Amino acid sequence: MKVRFVCFSFFLLLQVACQQQTYQIGQRLYQTHCANCHMDNGTGLGALIPPLAGSDYLQTHRDQLPCIIQHGLMDTIVVNGQLYAEKMQGVKGLSEIQITNISNYVIQTWGNKSKPFTLEEVGNTLKNCKIQ
């Protein structure tokens, strides 16, 4: 019984450490590839660049986030009741793991509380992207 408890405790600590590392990786990738336009705090840039912080769009278009990161966005979108028409270039060359990390950072930061993406979910989503 004691061995099971020790193994279970170790597993929980390892899981928490992995989640924290994944979060930090997502944050670094966001700062490198996204923060220049969406700002360090996810507030966007006025009427030009939509906010990611507290974004209703992220809640209702979860399946589009990995595609937008990879391929960009060439259409108008409405975020928190405001129309945005600025085109966004995709970030070519990111791996599925990197896109998963960025996506999870964005959907769990600045008041966003969506369930985390899995690598499998992102992979399947990216295979079915409708490039705009």
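Note that the structure is predicted; figures quoted are calculated from it, not measured.
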Note: Val79 and Pro51 closest approach over all heavy atoms is CG1-O, 3.8 Å
Inter-residue atom distance Leu65.CG - Ile69.CD1, 0.5 Å rounding:
4.0 Å
Hey, are the side chains of Tyr84 and Leu73 touching, using non-hydrogen atoms and a 4.5 Å cut-off?
no
CG (Asn36) with more than 12 external heavy atoms under 6.0 Å
no
Disulfide (SG to SG under 2.5 Å) partners of residues 44-99, not counting sequence neighbours, each pair once:
Cys67-Cys129
May I ask you to list the residues sharing a hydrophobic cluster with Met39, side-chain cutoff 4.5 Å, ordered by chain and number?
Leu45, Leu48, Ile49
For Tyr30, ring pair (Phe, Tyr, Trp, His ring centres under 6.0 Å) partners two or more places apart:
Tyr105, Trp110
Separation between CG (Leu83) and OG1 (Thr76), nearest 0.5 Å, reads 5.0 Å
For residues 90-97, tabulate all N or O donor-acceptor pairs below 3.5 Å that involve a side-chain atom, not counting sequence neighbours.
unit_1	atom_1	unit_2	atom_2	d
Lys92	NZ	Gln70	O	3.4
Ser95	OG	Ile97	N	3.4
Ser95	OG	Gln98	N	3.1
Ser95	OG	Gln98	OE1	3.4

Within the distance-only criterion (no hydrogens, no angle test), does the side chain of Asp40 pair as donor or acceptor with the backbone N or O of Ala35 below 3.5 angstrom?
no
Considering only residues two or more places apart or on different chains, which pairs with a residue in residues 42-51 satisfy side chain to side chain donor-acceptor pair (under 3.5 Å)?
Asn41-Thr43
Gly81 and Asp56 have their tightest heavy-atom pair at N-OD2, 4.2 Å
Would you compute the distance between atom CD of Gln27 and atom OG1 of Thr109 and round it to the nearest 0.5 angstrom?
7.5 Å
Working to the nearest 0.5 angstrom, can you tell me the gap between Ile25 CD1 and Asn104 CG?
11.5 Å
For Gln108 and Pro116, the nearest pair of non-hydrogen atoms, with its separation, is NE2-CG, 3.0 Å
Do Pro50 and Tyr57 touch side chain to side chain, with heavy atoms closer than 4.5 Å?
no
As an exercise, state the distance from CZ of Arg28 to CD of Gln24, rounded to the nearest 0.5 Å.
6.5 Å
Which residue pairs pass the side chain to side chain donor-acceptor pair (under 3.5 Å) test with at least one member in residues 114-128, sequence neighbours excluded?
Arg62-Glu121
Value rounded to 0.5 Å, distance of CD in Glu86 from CD1 in Ile77:
11.5 Å
Pair Met74, Gln89 - check side-chain contact (heavy atoms from CB on, under 4.5 Å), show working.
CA-CA 8 Å; Met74 302 301 147; Gln89 296 299 311; 3.8 Å; yes
